[in-house]
Amino acid sequence: LSMRGFNMSAETYVAPRDLPVEMRDINLAYFNDEDEEKRFKMYLERPEIFNTYTSLAKKYNYCLGINGAVFKRDEVGIIPRLVKEIYAERKALKKEMLKWKQEAEKHEHGSEEYKHAKYMEAQCNTGQMVSKVLINSLKS
């Protein structure tokens, strides 16, 4: 869900060369490598860098990834939009699954109504798990 919250999508990505100069200088100086341990150490030792970068991001209406990637917030990207839709679908399926589970509890074990309710519960559970896997696969 962080992709949705941080609007992480290819079309909302802002390349370092397109950043305002003050942000670009910080980005190139401190976020230009892939050494996450180094970045975490810097965060602990020099938090003012992150505070300044965060303030600039707010000023220009950008979101920041932990790796220094910058994303625009003025338009919703396609990936965050998809995640939102899939998540809403998953919530609806989970709700329906619980409804069928309660329905099964009303009927005698082994009856046709019970079997139908358990079948529908399993269908909804499969659907919501597919949505969950799909959302999780979008993150990686």
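Numbering of residues begins at 1 and proceeds along the displayed sequence. Since this is a predicted model, take the numbers as computed values, not measurements.
- In this structure, the side chains of I26 and F31 come closer than 4.5 Å at one or more pairs of heavy atoms.
- Cluster membership check: M129 does not share its hydrophobic cluster with Y119, using side-chain heavy-atom separations under 4.5 Å among Ile, Leu, Val, Met, Phe, Trp and Tyr.
- When T12, L19, L56 are each tested for a side chain to side chain contact (heavy atoms under 4.5 Å, CB included) with V70, only one passes: L19.
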Show the atom names and distances, to 0.1 Å, of all donor-acceptor pairs under 3.5 Å that link a side chain in residues 45-54 to residues at least two apart or in another chain.
| from | atom 1 | to | atom 2 | distance (Å) |
| --- | --- | --- | --- | --- |
| R46 | NE | E48 | OE2 | 3.2 |
| N51 | ND2 | P47 | O | 3.4 |
| T52 | OG1 | E48 | O | 2.9 |
| Y53 | OH | N27 | ND2 | 2.6 |
| T54 | OG1 | F50 | O | 2.7 |

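- Distance CD/Q123 to CG/L93: 10.5 Å, rounded to 0.5 Å.
- From W100, atom CH2 reaches atom NE2 of H116 across 4.0 Å, with rounding to the nearest 0.5 Å.
- Interatomic distance, K72 NZ to S9 OG, rounded to the nearest 0.5 Å: 10.5 Å.
- Side-chain atoms of N61 and K58, non-hydrogen and from C-beta on, never get closer than 4.5 Å to each other.
- To the nearest 0.5 Å, atom OG of residue S131 and atom CD of residue E85 are 11.5 Å apart.
- The closest side-chain heavy-atom distance from R81 to I86 is not below 4.5 Å.
- Side-chain atoms of S111 come within 3.5 Å of backbone N or O of Y114 as a donor-acceptor pair.
- Pairs of residues two or more places apart, or lying in two chains, that qualify as salt bridge (charged side-chain N to carboxylate O under 4.0 Å, His left out) and include a residue from residues 88-104 are E103-K106.
- Within a 6.0 Å sphere centred on CD of E75, other residues, nucleotides and ligands contribute more than 12 heavy atoms.
- By the side-chain contact (heavy atoms from CB on, under 4.5 Å) test, D18 pairs with V14, A15, sequence neighbours left out.
- Remark: K132 NZ to L134 CG distance equals 13.0 Å, nearest 0.5 Å.
- Minimum interatomic distance between M97 and E121 (heavy atoms only, all atoms of both residues): CG-O, 3.6 Å.
- The shortest side-chain heavy-atom distance between Y60 and E22 falls under the 4.5 Å cut-off.
- A single hydrophobic cluster is seen to contain both L44 and M42, as judged by linkage of ILVMFWY side chains at heavy-atom distances under 4.5 Å, directly or through other members.
- Note that the NZ atom of K38 and the OH atom of Y30 stand 10.0 Å from one another [nearest 0.5 Å].
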